Amino acid sequence: MAIKVSENGRLFTLQTKDSSYQMFADSRNVLLHLYYGKKIGEENLSDLIFCTDMGFSGNPEEAGSDRSYSLDTLPQEVPSSGVGDYRDDMVRIRHADGSCAADFRFVSAEVQDGSYRVPGMPALYDTQDEKGETLVITMKEKASDVMLKLFYGVFENQNVITRAARLENHGSSAIALEKMLSFSMDVLFGDYEMVYFAGRHAMERTMERIPVQRAKVEIGSIRGTSSHHYNPAVILCEEGAGEEYGACIGACLAYSGNFVAAAQKDQKNQTRFQMGIHPTQFCFRLEEGEAFDTPQVILSYSGSGFAVLSHQYHEIIREHMCRGAYKHARRPILINNWEATYFDFNEEKILKIAKQASELGIEMLVLDDGWFGKRDDDNSGLGDWYVNEKKMNGTMAQLSSKIHALGMKFGLWFEPEMISEDSDLYRTHPEWALQIPGRVPNRGRNQLVLDMSREDVREYLLERMTTIVREASIDYVKWDMNRSLSDGFSCLLSPEKGGEVYHRFVLGVYDLLERFLAACPNLLLEGCSGGGGRFDAGMMYYSPQIWCSDNTDAINRLSIQYGSSFFYPISTVGAHVSVCPNHQTARTTPFETRGNVALSGSFGYEMDLNKIPDEEKEMVKVQVAAMKNYYDLTHEGLYYRLSAPGKKDFMAWEFVAKDQSRALITLVKTDAQGNPLPVHTKICGLNPGKQYQCKLNGRVASGETWNHAGFTLHQTLREYDSLLIEFAEV
Ligand code: DGJ
């Protein structure tokens, strides 16, 4: 059992392979957070807490005359709100009388076999080989009939503990939930940094780190999606932690909408660490008997740096979050026509691209934006999911059968959540768009957003999408989403429920995704939101790969893919070879390097291969073979970051096969200098007791030697040149 309950059902110790998490319901029924760190025993750690009267930190009634007992200084699992804890709260309730207070006390706990589900939202699931365990702690709000259930899931082998919460209104009056995070934790001691991944469209997930002090460190999104700008995954780590050193706690939210993640030291130097739905644009009304569920946060602990933490996240997301026919099956190498043609295509062009690609070994043609309605640019047509048979010179089924006849699979682009004002759908159903009566809505890419909280909107989309997919035997769908939400008003919701739109939007998207995939179970779904605007664990429940960025420049991709790799398996990272000069940066990089970078992801092309010289066509064949050869490494192997962006004049990373029989290092020269210094890279994860040969220079040494001495390159690379270096057991 990974969950130990002792001391009359009041001490809870969650044990994973290498970590322990402890909570204690004290004599006043406050649920204290005691420990999350390296694996230890099950002794009660309450003694770690030392309380004194700190002044201006008041005392709850249960403290009697004890002025040292304060909700303002105790480390807690569910901090109170409005009644004496002046740090950030986790649950904020506006009661019917207008008061704003929440003060939860422990009632009971129960251990359940298997993982818990989160209604309507993604969550880690059990497999035949591996089941989680669940602890459910029930709390009651002191002065009202509001109950709170805290869910703790334990996946022992991956060192993962999940948290989620459900708030139930058992009272006779409605309440307004103004804030409800997925977790809060007060780390008692230590100095930390917060690592987060920030950026912008086409430049997502750049790693940044900042010390956690009394000024709050907070990131988040209020764009309606998890966003390009901040990713919903952060690390609270010991100061100076690196790939192989330092304690770190990861927090990764399985949610694709507004979120907040924050860490802040309190007056006692305890660090309050929190994550969940962003309270901005959020207010949920609960009538008697109604409940609210938070999304799940996936926590993981590593006592030895980021590499181990990443391995734990990669495995848990790959095995227990990603689903579907392509969870393990090899994904087809695809070619997408977007950068090849943009909107300027017809059947002939598409077939020509497909034919050339199939001759070079590419396995799937993806037809991107522009095949439906009136859609020759990005100003019109969204919502009219009817094939433009004039442009396509026939039905989609006809095109599909021609692609299939080439021996290729066929994929299609949709942007289900959007509507153009210039569309038949909008002319028929203007009320289906999110907009506030009396205000002209903010446009993004000249389009509006559909009100996904509406059942009729989802029904329409489900019917349209499944009909097209079935009629045309579509093998793959790219599900795009090209703007941030605004004007979050749904005309079907009563005024008191106006603050529910952003969350209901996400629930609506999840509902449609679930039903669509149930109707088309063999489909490979690739998520996308202008590239990486919704690159999160929640979406990975539906799409095992996500177009990671609209930026296909191989050099910019180094930092984007580096940042993505901290939490997300490499198999989830959509990565394509495109033409040069690159369309986003105008940079020219060698074709080989573009391939080598894209091979560290779900591999494909984004160009017209008819237009490249013969020697590059030959390179496509080599890359196709490399993708197949290294697939087990890139999609299932252990991944190591060997360098960080901007630190050296090259970037390097490594995959090691699960059985340690071979490894692959990718090395890219990022900067040319006069009188260049030698390139030396570390190597990780080889079996110390085995002998490995470096295929580049034939040298044989033990795994132990390679792991400690690393590898020096005996050649000078030009700027943007790259190498794949394989190490094989001999
Ligand atoms: C944004 C996506 O990221 C691109 O790959 C492409 O699908 C366009 N949208 C199409 O409008």
Side-chain angles (χ1 to χ4, degrees), residues 199-205 223-229 231 256 334-345 349-350 353 364-385 388 391 410-420 422-423 443-450 465 474 476-485 524-536 539 543 545-554 556-557 560-561 564 572-579 582-585 594 598 601-608:
R200 56 187 186 274
H201 173 235
M203 213 55 227
E204 300 87 346
R205 291 178 295 287
R223 294 169 178 274
T225 57
S226 46
S227 89
H228 301 85
H229 307 75
N231 193 265
S256 310
L334 67 84
I335 184 151
N336 180 305
N337 74 301
W338 179 242
E339 288 198 16
T341 65
Y342 295 102
F343 291 103
D344 182 20
F345 62 83
K349 271 195 193 176
I350 295 300
I353 292 173
M364 178 162 73
L365 182 284
V366 177
L367 179 59
D368 212 281
D369 195 353
W371 54 265
F372 52 92
K374 179 185 144 203
R375 184 77 174 166
D376 289 324
D377 57 38
D378 58 10
N379 289 305
S380 61
L382 290 171
D384 293 342
W385 301 111
N388 183 340
K391 186 169 179 178
F410 183 42
L412 202 57
W413 179 96
F414 285 90
E415 193 179 3
E417 299 145 75
M418 295 295 149
I419 182 165
S420 304
D422 183 3
S423 69
R443 297 184 183 96
R445 209 193 190 196
N446 204 15
Q447 62 201 47
L448 302 184
V449 183
L450 279 171
M465 293 176 76
I474 304 291
Y476 157 112
V477 160
K478 177 175 172 185
W479 181 303
D480 204 349
M481 201 284 187
N482 284 302
R483 59 160 289 180
S484 305
L485 268 60
L524 170 58
L525 194 74
E526 176 150 3
C528 177
S529 173
R534 209 160 48 181
F535 197 92
D536 57 63
M539 281 308 289
S543 52
Q545 63 191 55
I546 300 179
W547 183 224
C548 155
S549 177
D550 269 352
N551 188 341
T552 56
D553 175 271
N556 280 180
R557 273 285 180 136
I560 297 170
Q561 293 181 195
S564 308
T572 63
V573 174
H576 299 169
V577 179
S578 64
V579 291
N582 179 269
H583 288 194
Q584 293 78 41
T585 62
R594 284 175 261 156
S602 273
F603 185 69
Y605 291 82
E606 188 99 9
M607 55 163 61
D608 184 348

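What you are looking at is a predicted structure, and each value in this text was computed from that prediction instead of being measured. First listed ligand is number 1; within each ligand, the first listed atom is number 1.
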A.B. asks: Quick check: closest heavy atoms across A575 and Q561, and the distance to 0.1 Å?
C.D. replies: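 The answer is CB-OE1, 3.6 Å.
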A.B. asks: How about F414 and W371: are their ring centres within less than 6.0 Å of each other?
C.D. replies: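 For F414 and W371, the ring centres are under 6.0 Å apart.
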A.B. asks: Counting only N and O atoms by type, is there a donor-acceptor contact under 3.5 Å from the side chain of E606 to the main-chain atoms of T552?
C.D. replies: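 Judged by distance alone, no pair lies under 3.5 Å.
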A.B. asks: Tell me if the aromatic rings of Y476 and W413 count as close, with their centers under 6.0 Å from one another.
C.D. replies: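 Y476 vs W413: aromatic centres not under 6.0 Å.
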A.B. asks: Check this for me: does any side-chain nitrogen of one of D344 and K349 sit under 4.0 Å from a carboxylate oxygen of the other?
C.D. replies: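 Counted as a salt bridge, because a side-chain N and a carboxylate O are separated by less than 4.0 Å.
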A.B. asks: Measuring from each atom of ligand 1, which residues have a heavy atom under 4.0 Å away?
C.D. replies: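 Contacting ligand 1 under 4.0 Å are W338, D368, D369, W413, R445, K478, D480, N482, C528, G530, G531, W547, D550.
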A.B. asks: I need the C548 SG to H576 NE2 distance, nearest 0.5 Å.
C.D. replies: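 So the gap between those two atoms works out to 10.0 Å.
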